[in-house]
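Order of listing sets the numbers, starting from 1, for every ligand and every atom in it. Just so you know, these numbers use all the heavy atoms, side chains as well, and skip hydrogens, waters and symmetry mates. If you read the sequence from its start, that first residue is 1, and numbering goes on from there.
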Amino acid sequence: MNKKKIITVVGARPQFIKAAALSRAMSASSKLDEIIVHSGQHYDYKLSEGFFKELQIPTPKYNLDIGSATHNIQIAHFLLRFEEILNVEKPDLLIVFGDTNTTAAAAISGAKKNIPVAHVEAGLREFDKSVPEEVNKLITDAVCDLYFTPTETGRLNLAAQGIRENVFLTGDISLDLLVGNQTRYQNLEGLKSDLGIHEDYVYMTCHREMITSDKHNLEQVLIAASKLDYPVIFPVHPRTRKAIARFGLESILESDNIIALEPIGFWKSQTFIRSAKFILTDSGGVIKEAYFHRTPAIILDKQTEWVETVNEGWNKIAGPNTEKILDLGRKIIIPDNHSSALGDGNCGSRIVKVIEDYL
Ligand code: UD1
């Protein structure tokens, strides 16, 4: 029997993590053959190649090198270059992940060529179209054919838009990497002493446009980090590093309470998340990883699509507001309730089975 050809499209750091989990599940299929296409949206070693090595993701057959640009230009470059690949490869189905510019661009390409598109992480909504990721979520779900949604909220959001067919509640794909790999994220002591930390700490990430494109918002977040009762480990995304320089906020980043690092790998990040007193983040990925590890988190965004984690009290929304962050930081508690609302770590095999049946 001829295997069906699947093109998985990735481009930004969170997608490498999701692709690592799904590629593993797909490589066990006798019916599917996977090609990976990298858009080139992320190109720094620490955001891209390092993850391919660390997570043993198959090497992409193509890299479209779209790089950094405005959103429209990134998408335009992707559309131009991906068309040629679709003409050559003639895939049976495309897989896209999450809500980046790469995701939306790939979904449009597939829909325009009548190639079925499967959206992993479908149905999530932030209900704010000023958030670039929200626009990408809406575009992708408007044109895709298979909807793999991580949560019941995602399923309900799709239903509210009239999308009920081909919706599969699978749980979250990135948890597949965490379940069963505990030994890879338990060795904290070495990491802590390398940083000179001997007590509790907070782990922070921050890179969303709402904060990094606005001096006031970024300053509020950095001031909060500099004043928290615990040292703050902060791997700095290149976009955030450039914004700090542009806005002249380096002196806050250099405060004694903030330990600024270059971007770190996946397992190191899991190790820090798992043992932190609490997390400060605007990253959807870190929000759900914190929930998985049962570490409370304060969300730097004004809203989150991971509604379940907030409803159960694990995550609190502060927005980029120093006083609110400090206040929530003083009141951190570990909730009694944890319903594993984001899934059980077996998402990849469910997705593969649905795709096999669909094709
Ligand atoms: C993108 C996604 C975001 C995801 C994040 C994960 C969109 C709209 N946003 O945001 O949802 O959470 O990836 O990291 O798709 N840069 C580098 N090196 C790189 C890549 C980017 O220095 O390898 C810098 C450039 O200054 C660039 C800026 O970061 O202009 C923004 O990069 P971009 O890929 O557009 O968005 P992210 O902020 O990374």
Run the salt-bridge test on Glu89 and Lys61 with the 4.0 Å N-O cut-off and return the result as yes or no. yes
Is it the case that over 12 heavy atoms from other parts of the model lie below 6.0 angstrom from the CG atom of Asn337? yes
May I have the step-by-step check of ring pair (Phe, Tyr, Trp, His ring centres under 6.0 Å) for Tyr147 and Phe168, ending in yes or no? CA-CA 6 Å; Tyr147 303 81; Phe168 304 90; 9.0 Å; no
Atoms in ligand 1 flagged as close to His71, the criterion being non-hydrogen separation under 4.0 Å: 8 (C)
Give the residue, atom name and distance (to 0.1 Å) of the protein heavy atom nearest atom 28 (C) of ligand 1. Arg239 CB, 3.7 Å
Salt-bridge contact Glu199-Lys277 (side-chain N to carboxylate O under 4.0 Å): no
Nearest-contact summary for atom 17 (C) of ligand 1 - protein heavy atom, Å: Tyr43 OH, 3.4 Å
Look at atom 8 (C) of ligand 1 and say which protein heavy atom is nearest, naming residue and atom and giving the distance to 0.1 Å. Asn101 OD1, 3.4 Å
Could you tell me the residue and atom name of the protein heavy atom closest to atom 26 (O) of ligand 1, and the distance to it rounded to 0.1 Å? Lys242 NZ, 2.9 Å
If we set the cut-off at 4.0 Å for heavy atoms, which region of His237 has an atom near ligand 1: side chain, backbone, both, or neither? side chain
Under-4.0 Å salt bridge between Lys5 and Asp92: no
How long is the straight-line distance from NZ of Lys192 back to CD of Glu189, given to the nearest 0.5 Å? 5.0 Å
If you measure every N/O of Thr102 against every N/O of ligand 1, is any gap under 3.5 Å? no
Contact atoms of ligand 1, heavy-atom distance to Ala12 under 4.0 Å: 13 (O)
Identify the protein heavy atom lying closest to atom 11 (O) of ligand 1, giving its residue, its atom name and the separation to 0.1 Å. Glu133 OE2, 2.7 Å
Need the ligand 1 atom indices (1-based, order shown) with element for anything under 4.0 Å from a heavy-atom of His207. 4 (C), 5 (C), 6 (C), 12 (O)
Quick note on ligand 1: atoms under 4.0 Å from a heavy atom of Leu47 include exactly 19 (C), 20 (C), 23 (O)
Mind checking whether Phe97 and His119 have ring centres under 6.0 Å apart? no
Looking only at non-hydrogen atoms, the one of Arg13, His42, Gln41 nearest atom 13 (O) of ligand 1 is His42
Among all protein heavy atoms in this structure, tell me which lies nearest to atom 35 (O) of ligand 1, with the distance rounded to 0.1 Å. Gln74 NE2, 3.4 Å
Using a strict 4.0 Å cut-off to heavy atoms of Ser68, name the atoms of ligand 1 that fall inside it. 16 (N), 21 (C), 25 (C), 27 (C), 30 (O)
Taking the six-membered ring for Trp and the single ring otherwise, decide whether the centroids of His42 and Phe51 are under 6.0 Å apart. no
Only one of Gln161, Glu305, Gln303 passes side-chain hydrogen bond (donor to acceptor under 3.5 Å, both in side chains) with Arg125, and that residue is Gln161
Show which atoms of ligand 1 fall inside a sub-4.0 Å distance from at least one heavy-atom site of Pro14. 6 (C)
Taking non-hydrogen atoms only, is Arg208 closer than 4.0 angstrom to ligand 1 via side chain, backbone, both or neither? neither
If you measure from the Lys or Arg side-chain nitrogens to the Asp or Glu carboxylate oxygens, is any gap between Glu133 and Lys137 under 4.0 Å? no
